[in-house]
Amino acid sequence: MAFKILCVAGARPNFMKIAPLLRAFDAHPAFEAKLVHTGQHYDDNLSKIFFDELQIPRPDRELEVGSGSHAKQTAEVMQRFDPVLAEEQPHGVLVVGDVNSTIACALVVAKFFRNEPFESTFGKRQRPLMIHVEAGLRSGDWDMPEEINRILTDSISDLLYVSDPAGMDNLRKEGVDEKRIEFVGNVMIDTLLAAKDKAMASPVLEDMGLEQGKFGLVTLHRPSNVDDPEMLRYILGTLDEIAKDFPLVFPVHPRTRARIDDAGIKLDEGKWIMAKPIGYLDFMKLTATAKVVLTDSGGIQEETTVLGVLSNNVWWNTERPVTVVEGTNFLAGTNREKILEGYKRVVAGEAAGRVPRFWDGKSATRIVEHMAKVLRVE
Ligand code: UD1
């Protein structure tokens, strides 16, 4: 009998995490994996391009929830996922990361009973196993919607797969049973390593008129950085100082684009190269060849760490401390002096630059092998 696992993806950072997991389930005879796309992100350049470039199969189920307030979006995912569970009767549901789709699906699964019970190392049970990949990350900042999503998802998951060593400490401090926690490394790095050669062949530098090592790469989308017009103006004004040294490439997230327009901010096109959100392969090429990456994204901190590119994190805290302790990341916060100091340290090459343990391209396989043990099917 194959164990049916529903894999959930909803927003851009989920797609690169789900791709290697689907392949690893596919390669294991004991599992049948199905993909559910909640539709939290729906623009071609936030969703479809990742499916095409990472060869993710067409979703088996599309919930098409779209945008809305946190409450509306979360509730919409829950309402639309509930009948899918009833029809599919999975043995497990796997969610990744910390977006609204992650907690919405986890919450539905935690209260769902299958028609038939099944055996696992957790005993005989009727509720599907709730599996969280990228568990244990904590920023300590309860103003961040992602922090709420992580804490709640972890607390109702049966299996917690951890990418950052600090995640193990966080979960132990929270009293989570050892039986539920497994350090497996980083599935997003599975995708990065598998796609690296293809990414390096991308013509994006020529297309944008850039030279390797002679530009910076900027991304900004966290609500606390972009939603307040004064903060947005302050951060962009600070980065504009750096743009005096070399051009800054800025693929603009739709949320940020709207806020820049609302605030009437104009960036000097002689120094800034503004673009729409960029696909995975082109973006990895830009990341790998930039002199410095200035970002508030969690995932990009991990990618720069593996690519050995220095990054300056425009953010107070990081839920991914290994990227600072071992990787190439410098945590600058949003203070102007700190950002500029971080930039100077980063271009001077002050970063440890080791690749963390198990960020080796095999994390998805580790997860599937561990699940086979839990379901006693190895
Ligand atoms: C979401 C995640 C965030 C992740 C980010 C990556 C949550 C709480 N946040 O934030 O953790 O880092 O994705 O991008 O889940 N929009 C479009 N097209 C789309 C999707 C959104 O134009 O395909 C616009 C809409 O106006 C929408 C806004 O972007 O209201 C924000 O989208 P949303 O999914 O709510 O949050 P993100 O800021 O993308």
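As the structure lists them, so they are numbered: ligands from 1, and atoms in each ligand from 1.
What sits closest to atom 22 (O) of ligand 1 on the protein, heavy atoms only, is P254 CB, 3.3 Å. If you check which protein heavy atom lies closest to atom 21 (C) of ligand 1, you get S67 OG, 3.7 Å. Looking from atom 13 (O) of ligand 1 to the surrounding protein, the closest heavy atom is H41 CE1, 3.2 Å. Remark: minimum distance from atom 2 (C) of ligand 1 to any protein heavy atom is reached at V99 CG1, 3.7 Å. Among all non-hydrogen protein atoms, the one lying nearest atom 16 (N) of ligand 1 is Y42 OH, 3.6 Å. Summary of contacts: the protein heavy atom closest to atom 12 (O) of ligand 1 is H221 NE2, 2.8 Å. What sits closest to atom 6 (C) of ligand 1 on the protein, heavy atoms only, is P13 CD, 3.5 Å. Protein heavy atom nearest atom 8 (C) of ligand 1, with residue, atom name and distance: N100 OD1, 3.3 Å.
Residues R61 and E87 are paired through a salt bridge, judged by an N-O separation under 4.0 Å between the basic side chain and the carboxylate.
Between F31 and F3, the angle of the ring planes lies from 30° to 60°, which puts this pair in the tilted group. Ring geometry for H37 versus F51: interplanar angle under 30°, hence parallel rather than tilted (30 to 60°).
For the residue pair S363/N186, the side-chain donor-acceptor check at 3.5 Å is not satisfied. No side-chain donor from either of T191 and Y280 sits under 3.5 Å from a side-chain acceptor of the other. Looking at T318 and Q301, their side chains do bring a donor and an acceptor atom within 3.5 Å of each other.
Nearest to atom 28 (C) of ligand 1 by heavy atom, out of R257, Q40, K48, R255, is R255.
Under the 4.5 Å side-chain criterion, counting only non-hydrogen atoms from C-beta, V249 is not in contact with V218. Under the 4.5 Å side-chain criterion, counting only non-hydrogen atoms from C-beta, K362 is not in contact with D190.
Considering backbone and side-chain N/O of H70, none are found under 3.5 Å from N/O of ligand 1.
Under a 4.0 angstrom heavy-atom cut-off, Q73 registers as being in contact with ligand 1.
Contacts of E146 with ligand 1, taken as heavy-atom pairs under 4.0 Å, involve the side chain alone. Heavy atoms of L46 found under 4.0 angstrom from ligand 1 belong exclusively to the side chain.
Between the CG atom of D164 and the CZ atom of R138 there is a distance of 11.5 Å, given to the nearest 0.5 Å.
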